[in-house]
Structures are given as C-alpha cells and as structure tokens.
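Input: one structure, supplied below.
Worth knowing before you read on, the calculation uses all heavy atoms, side chains too, and leaves out hydrogens, waters and symmetry mates. On a predicted model such as this, the values are computed, not experimentally measured, just so you know. Every chain is numbered from 1, with letters handed out A, B, ... down the list of sequences.
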2 protein chains.
Amino acid sequence: MSEDHSFRTPTAHDVARLAGVSQSAVSRAFTVGASISPDKRDKIIAAANELGYRPNILARSLIKGTSKVVGVVFGQFENPFFAHALDRFSEDFEGRGLRILLFTAKTNATVDEQVAELLSYQVSAVILMAVNLSSKLVAECARSNIPVVMFNRTTEEEHEAFAVTGDNTAGATAIAQHFLNTGRARVAFMAGYDDSSTSRQREAAFMAAMSGTGIPEPRRVVGHYSRQGAIEATRELFAAGAERPDALFCANDMMAIAAIETLRTEFGIEPGRQCAVAGFDNISMAAWPSFSLTTYSQPIDRMVAHAVAFIAGESEGERAVVVPGELIIRNSA
Amino acid sequence: MSEDHSFRTPTAHDVARLAGVSQSAVSRAFTVGASISPDKRDKIIAAANELGYRPNILARSLIKGTSKVVGVVFGQFENPFFAHALDRFSEDFEGRGLRILLFTAKTNATVDEQVAELLSYQVSAVILMAVNLSSKLVAECARSNIPVVMFNRTTEEEHEAFAVTGDNTAGATAIAQHFLNTGRARVAFMAGYDDSSTSRQREAAFMAAMSGTGIPEPRRVVGHYSRQGAIEATRELFAAGAERPDALFCANDMMAIAAIETLRTEFGIEPGRQCAVAGFDNISMAAWPSFSLTTYSQPIDRMVAHAVAFIAGESEGERAVVVPGELIIRNSA
DNA sequence: TATGTTTTTGCATACGTATGCATTGCAATC
DNA sequence: GATTGCAATGCATACGTATGCAAAAACATA
C-alpha cells in the first residue's frame with residue numbers, strides 16, 4: 001500500500017516499472033485475447049490496482065483510428081418517445097462497450113455542424129434522432145466509413161444513410177380506416193413539421209385512405225410537434241364559424257394529448273364521443289387513463305435493435321427498414 | 001478541386017504538404033490566439049477545406065491531458081425533470097465548447113463502474129443526475145482534478161463532490177403548511193427511494209412541520225419514484241379498512257400525477273376536494289389541465305447554471321448550493 | 001539430447017496534434 | 001547603419017497506448 005504522491009495520473013509505463021515488465025506487457029494485460037501468460041497478467045493487474053491505473057482510452061482510440069463512441073444528435077427533447085429511445089440505445093450499447101456522445105440540435109441547420117464535430121471525435125457511428133442531415137455530410141461520413149442511421153426519419157434523396165422508421169403508411173391507413181368504420185364524416189389532420197418525413201408520410205397515407213370514400217377532404221392544421229403548437233392548432237380547428245370535425249388524427253401522441261386536453265377544457269368536448277382523437281407512437285402516456293389515447297404503435301425496442309444492427313454492420317444490404325406497429329384502440333377513438 | 005482517392009482521413013501533415021507549410025503552422029491555424037500571419041492562415045484553411053480536414057480531437061486531448069467532454073451519469077429516464085435538465089445542460093455546454101458523454105445507470109451499484117470508465121475518457125467533469133457515487137470514486141476524481149457535481153442529490157458523507165439541489169426543506173414545509181391552512185387533518189406522505197437524499201429530506205421536513213400540530217402522525221408509503229410504484233402505494237393508502245387520507249404529499253410530480261389518476265379512476269375521488277394531492281418539481285406536465293398539480297418548483301435553469309459554475313470553477317468556495325423554488329398552488333390542493 | 005513448434009516478451013515505432021525552443025524576417029528605435 | 005523588439009515559422013519532441021517484428025522462452029516430439 002504505497003502512497004502515490006505524484007498528481008500525475010499513472011500510465012502504463014508506471015505500472016510496467018512497478019511490476020518489473022515492459023509497457024507492452026501492460027498493454028497486453030488489458031487487451032482481451034492478447035498473448036500474455038496468466039501469472040504475469042495477474043502481477044500487472046495487481047500493480048495497476050495499486051496505482052489506480054486505467055488505460056487512457058483517448059490514446060487507444062488514437063492508434064486504432066476509431067473510438068467506441070457513437071454520436072447521437074437529438075432533436076426533440078419534449079417528446080418522451082425519443083427520451084425513451086435514447087434510454088434503450090444506451091442500454092443496448094452497454095453490452096457492446098459503446099458509449100454515447102450526445103449533441104442536441106435545435107434547428108436542422110445546426111445538425112451539419114454537430115455531425116462535422118462528431119467526425120473529429122472519431123466516432124464509430126452517428127445516430128440522428130428526429131433530425132435531418134445534408135447529403136454532403138452523409139457523404140463525408142461515408143468516406144470515413146462511419147455509418148449514419150436516421151432514427152424515425154427517412155429521406156427521398158438517394159444517399160448512403162440507413163433509416164429506421166415505424167410503419168407510417170400502415171399506421172395512418174389503419175387509423176383512417178378506424179375512423180371510417182366508426183362512422184366519422186368530418187375528419188381533420190394535424191401535421192407535425194412540414195419538412196419532417198414522418199409527418200408527411202403519415203399525412204399522405206391518411207389522405208389517400210380518405211379519398212374516394214365520399215367524405216369531404218380532411219381539414220389540415222400544423223402543430224409543429226409541440227404542445228403549444230397543438231393547442232393552437234386545435235383552437236383553429238374548433239373555432240366558431242367553421243364546422244367542427246368529428247375526428248382528428250394527430251401526427252404524434254404528444255400533440256394528440258394536447259388536443260384532447262384542449263377539447264375538454266376549452267370546448268367541453270369529451271374525446272371519443274363527439275370527436276375521435278388518434279395519435280401516433282404509443283408513448284407510455286397514451287395509456288394513462290386521463291388520455292386513453294387510440295394510436296398506432298412504434299415499437300421502440302425493435303426499432304433500436306434494427307438501428308444497432310445497422311451500426312454493427314449486421315444488415316444484409318438493406319438500407320432502410322420499416323418496423324411494423326399495431327393499431328391500439330382505446331377510448332379516445 | 002482535386003479528388004481525394006485515399007481513404008485515409010486527411011491529417012495536419014497532408015494539409016501542410018498541400019499548403020507548403022509545416023505541420024506546426026496547420027496546428028496554429030486551427031488554434032485561436034496562436035501566432036500565425038493572417039494570409040498564411042487563410043491559405044491553410046483553404047487547403048484544409050479542399051482536403052476536408054478537421055483536427056483530430058482525440059490527439060489534441062491526448063496532449064492537453066483533458067478533453068472538452070463532460071461525463072453525465074443518468075439515473076431515471078422516466079422522469080421528465082431529468083430529461084429537461086439534460087437538455088439544458090446540453091444547451092449551456094454548447095456555448096462553452098463542452099460535449100456530453102452519456103452513461104445510464106440502472107442501479108447505484110453500477111455508477112461506480114460508469115464513473116471509473118469516464119475517468120479513462122479524460123473527461124473534464126462528471127455530473128451525477130439522481131444517482132449516488134461512492135466516496136472512494138469521488139476521491140479518485142478529486143485526485144485527477146475532475147470536479148464531480150451531484151445534481152438533485154446530496155450526501156451526508158464529507159467528501160469533495162459539489163451538490164446542487166432544490167430547497168427540499170422549504171418546499172416540503174410549505175406544502176405541509178398549505179395542507180394545514182386548508183384544514184387537512186389525515187395526512188399521508190409518499191416517499192421515493194429510501195436511499196435518496198431528496199426523498200429523505202422532503203420527508204423529514206414534512207414530518208417536522210406536521211409534528212406538534214395536533215394532527216395524527218402522517219401515514220407513509222413508498223412509491224419508488226416510479227409510476228407503477230406510485231399507483232400501488234396509492235391503492236395501499238386508500239384500501240378498504242383503513243381511514244382514508246384527506247391530503248397526500250408525493251416526493252415528486254410523476255408520482256403525484258399517478259396518484260391523481262389512481263384516485264380518480266379507482267376510487268372515484270376528485271383530487272383537490274376530498275383529498276388534496278401535492279408533488280415536487282413543477283415539471284411541465286404539472287400545469288396540464290388534466291392534473292393541475294399543486295407543487296413546489298425546482299428551477300431547472302438556475303440549478304443547471306449553478307452546476308455549470310461548479311464545473312467551470314466559478315464557485316466561491318461553496319460546495320453545496322440549495323436553489324430556492326416556490327409553492328405553486330393549483331387545483332389539486 | 002536434438003529439433004521443431006508454440007507461446008511469451010521486449011524493442012521500436014506509429015497514431016495526430018500541440019508546444020518549447022531556436023531561428024528568421026521585418027519594422028522600429030537610437 | 002547598428003541595435004533592439006516582436007511576430008512568424010519550423011524543428012523536434014511529447015502525450016499514452018497498440019502492435020509488427022524478432023528474440024527468447026517454454027513446451028512437445030522424436
């Protein structure tokens with residue numbers, strides 16, 4: 001138990017000196033599968049513990065040319081769907097020795113900067129949660145052999161990024177069908193962002209399913225995937241003068257919940273009866289009795305598993321995967 | 001526009017060769033305040049852009065002995081309070097060039113491992129969100145001059161970690177006082193984790209404020225800071241046989257919201273009338289009309305600002321800071 | 001015992017950048 | 001014109017680890 005009075009953090013050389021071996025041996029003692037005799041390894045580990053030595057991951061990564069770090073660019077913190085997904089990524093990475101370097105991007109414009117900086121950290125992969133990246137940056141990642149996974153987003157552009165999404169088309173169609181089956185006739189849609197692929201795909205499928213059914217074309221408002229935006233959009237829909245909808249499909253659950261509350265408190269409308277409300281995601285809140293929200297699920301666990309498979313190079317040539325969910329009927333519709 | 005056909009990412013040497021300068025000059029061109037002539041810098045930047053060069057942060061950090069990365073260990077993802085705080089940290093760090101390396105810890109036991117690994121990433125600080133760290137690891141961080149900030153946690157142990165908390169004592173006292181002022185007589189408390197300092201402090205202050213008022217000692221249940229736990233704890237409190245409370249203070253908002261819903265759906269009790277319910281945190285959901293939760297606020301922005309000040313060494317000898325909030329009275333109590 | 005085979009070990013070097021030091025160039029001062 | 005001061009530049013080295021290579025050691029085989 002010798003006291004260490006140097007304030008320098010110990011290096012492999014210090015351990016080597018104490019254990020009477022070479023620095024190479026210390027390195028090998030900490031590398032699984034390296035060629036080193038068991039007793040020497042034990043001696044080195046003991047010396048390392050005495051000094052409080054831990055390998056410097058930066059130096060290791062510098063040599064290897066890649067770090068066991070995955071860059072995650074996060075868009076919407078407001079939506080628990082993504083917080084939940086982040087949690088699952090973290091859990092899944094744990095077993096693979098991967099770590100998360102977290103960036104947040106308030107606007108799509110900043111995403112390019114964030115990713116550019118990620119590259120200088122020699123990350124081994126990039127995950128984009130609910131944000132878009134320019135083709136230029138995607139190409140730059142590809143050149144460095146860094147897989148890019150878009151989570152809950154796709155793109156029409158032809159580029160080398162992977163994409164994992166829920167089944168926006170099937171989901172929106174199922175909800176439209178459910179509205180029709182339950183005799184709804186004045187239908188409305190609340191979009192997220194206009195430049196979000198999820199919102200656009202959900203809208204397109206919803207509108208397609210409605211067309212040709214004899215029902216008037218659905219009214220359309222934009223909630224910007226935010227609570228406040230959804231509240232205002234709901235007011236717009238139900239404002240005096242216009243004919244009130246009897247069914248509302250919101251592009252995600254958070255907006256649907258905001259709509260439900262606004263209907264109740266500002267218009268005295270109890271969702272499910274006078275007006276059906278449906279969302280998308282099936283976040284845990286959707287099941288809460290206060291909302292009891294009908295929605296189409298996005299199975300986070302499987303979506304995350306696919307994303308990790310892409311990163312790990314376990315995908316069979318596929319670049320885009322659509323994970324099916326299911327229609328979950330509750331009281332709101 | 002020369003094409004780059006080598007698949008090696010360009011280094012400062014490549015840029016130097018192209019620009020006809022030394023590698024040192026390239027380094028200086030990318031270092032603010034370094035001694036270099038403007039026109040040479042421009043020439044280097046141009047060459048760097050042509051090659052798509054970005055400085056390797058790993059190599060830089062290796063030399064400097066510290067990286068501009070802050071390790072964050074995250075406990076409860078379920079509670080939006082912490083997700084919100086994480087968002088604010090990210091935003092605040094942005095301006096300081098700091099990045100977040102994210103770890104999640106399901107149990108306190110794993111926190112030590114996580115932090116040990118963080119150290120090998122040469123992080124410049126560690127933030128613990130709702131988790132506890134052993135004194136041994138705190139000491140190890142101190143030895144490496146890495147500040148450790150406990151966010152929303154304190155410890156009785158005397159060690160070198162910083163701590164930022166809301167005013168648990170004032171908050172719980174204010175809520176107790178509010179219960180008394182509104183004539184409540186059969187009071188209950190729902191704890192979070194027994195080993196969480198926040199829960200213990202809130203409980204102690206609440207109990208202290210109640211004692212000597214002539215009101216019977218509050219009943220006590222444990223909700224484990226989880227929704228399911230809170231639902232079960234509420235059932236326990238209101239189960240047939242026992243005398244039902246007319247006021248319930250939950251150690252955080254998420255549990256209070258779960259309690260409100262359980263009272264409504266399972267016991268037909270409308271919170272605020274037959275039974276007052278109060279929480280702690282003032283998460284955004286507390287203001288939603290479905291819950292309209294009376295609570296004591298924890299001002300995230302100021303708490304984060306204090307934590308960042310600790311990290312930046314801008315604290316004046318203080319090691320623990322208590323950020324006052326305010327009692328927010330809504331309909332639930 | 002002699003020979004071949006496998007395992008273990010150390011040496012030296014490389015990863016990409018930052019920086020102390022010495023040198024150069026240039027302008028300012030006497 | 002000689003001298004001083006200052007900015008700009010390059011050289012060489014250091015950060016801490018991993019790894020190819022060759023030497024040594026350990027082991028197996030005949």
Protein-nucleotide distance (B:Y53, atom OH; C:dT17, atom C1'), rounded to Å: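 It is 7 Å, rounded to the nearest whole Å.
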
Under 4.0 Å between a side-chain N or O of B:T11 and OP1 or OP2 of C:dG16?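 Negative; the distance criterion is not met.
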
Could you check how far CG of B:D42 sits from P of D:dA8, rounded to whole Å?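 Those two atoms, CG and P, are 13 Å apart.
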
Whole-Å distance between D:dA8 C1' and B:K43 NZ?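 Rounding to the nearest Å, NZ of B:K43 and C1' of D:dA8 are 13 Å apart.
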
Determine yes or no for a side-chain-to-main-chain donor-acceptor pair under 3.5 angstrom, with A:T11 supplying the side chain and A:H13 the backbone.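 The answer is yes, because a donor-acceptor pair under 3.5 Å joins these two groups.
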
Separation of C:dT19 P from B:I36 CD1 (nearest whole Å):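 Rounded to the whole Å, the gap is 14 Å.
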
Using the side-chain heavy atoms of A:R28, tell me which of these nucleotides is nearest: C:dT19, D:dC21, C:dT17.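 Looking only at side-chain atoms, A:R28 lies closest to D:dC21.
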
Once the angle between the rings of A:F310 and A:F162 is folded into 0 to 90°, is it parallel (under 30°), tilted (30 to 60°) or perpendicular (over 60°)?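 Ring orientation of A:F310 relative to A:F162: parallel.
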
Nucleotide nearest B:L62 (side chain, heavy atoms from C-beta), chosen from D:dT9, C:dT17, D:dG16: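 Given the options D:dT9, C:dT17, D:dG16, the side chain of B:L62 is closest to D:dG16.
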
Is the side chain of A:S124 donor-acceptor paired with the backbone N or O of A:V69 at a distance under 3.5 Å, no angle test?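 Yes, because the side chain of A:S124 sits within donor-acceptor range (under 3.5 Å) of the backbone of A:V69.
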
Which one, C:dT9, D:dT17, D:dG10, comes nearest to the side chain of A:P55?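 For A:P55, the side-chain atoms sit closest to D:dT17.
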
Please report, rounded to the nearest Å, how far the P atom of C:dA18 is from the CG atom of B:N56.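 Roughly 9 Å, once rounded to whole Å.
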
Looking at the side chain of A:I63, which of C:dA14, D:dG10, C:dT9 is the nearest nucleotide?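 Within the option list, the nearest is C:dA14.
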
With heavy atoms under 4.0 Å as the rule, sort B:S27 into base, sugar-phosphate or nothing.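 If one applies the 4.0 Å heavy-atom cut-off, B:S27 turns out to touch a base.
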
With distance as the sole test, does A:S67 use its side chain to make a donor-acceptor pair with the main-chain N or O of A:Q122 at under 3.5 Å?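 It does hold such a pair.
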
Please give, in whole Å, the distance from D:dT17 C1' to A:K64 NZ?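 Nearest whole value for this atom pair: 10 Å.
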
Taking for each residue the nucleotide of DNA chain D bearing the nearest heavy atom, is the 5' side occupied by B:Q23 or by A:Q23?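 Closer to the 5' end of DNA chain D: B:Q23.
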
D:dG10, C:dT17, D:dG16: which one has an atom nearest the side-chain heavy atoms of B:A59?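 Of the options given, the side chain of B:A59 lies nearest C:dT17.
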
Which distance, rounded to the nearest 0.5 Å, do you find between the OG1 of A:T154 and the CZ of A:R319?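 The CZ atom of A:R319 is 14.0 Å from OG1 of A:T154, to the nearest 0.5 Å.
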
So B:V21, base contact, sugar-phosphate only, or nothing? Heavy-atom distance under 4.0 Å.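 If one applies the 4.0 Å heavy-atom cut-off, B:V21 turns out to touch the sugar-phosphate alone, with no base involved.
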
Of the listed nucleotides (D:dG10, C:dT7, C:dC11), which one gets closest to any side-chain atom of A:S35?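 Of the options given, the side chain of A:S35 lies nearest C:dT7.
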
Return the value, rounded to whole Å, for the distance between atom CD of A:Q122 and atom C1' of C:dT17.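 It works out to 12 Å between those atoms.
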
Taking for each residue the nucleotide of DNA chain D with the nearest heavy atom, is it A:H13 or B:S24 whose nucleotide lies nearer the 5' end?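 Between the two, 5'-proximity favours B:S24.
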
Side chain of A:K40 only, please: which of D:dA18, C:dG10, D:dA8 is the nearest?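 The listed nucleotide nearest to A:K40's side chain is C:dG10.
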
How do A:D39 and B:F30 order along DNA chain C: which one's closest nucleotide is nearer the 5' end?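 Here A:D39 is the residue nearer the 5' end.
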
Verify whether the ring centers belonging to B:F30 and B:Y53 lie closer than 6.0 Å.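 B:F30 vs B:Y53: aromatic centres under 6.0 Å.
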
Measure CZ/A:R17 against C1'/C:dG10 and give the value in whole Å, please.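 About 16 Å, once rounded to whole Å.
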
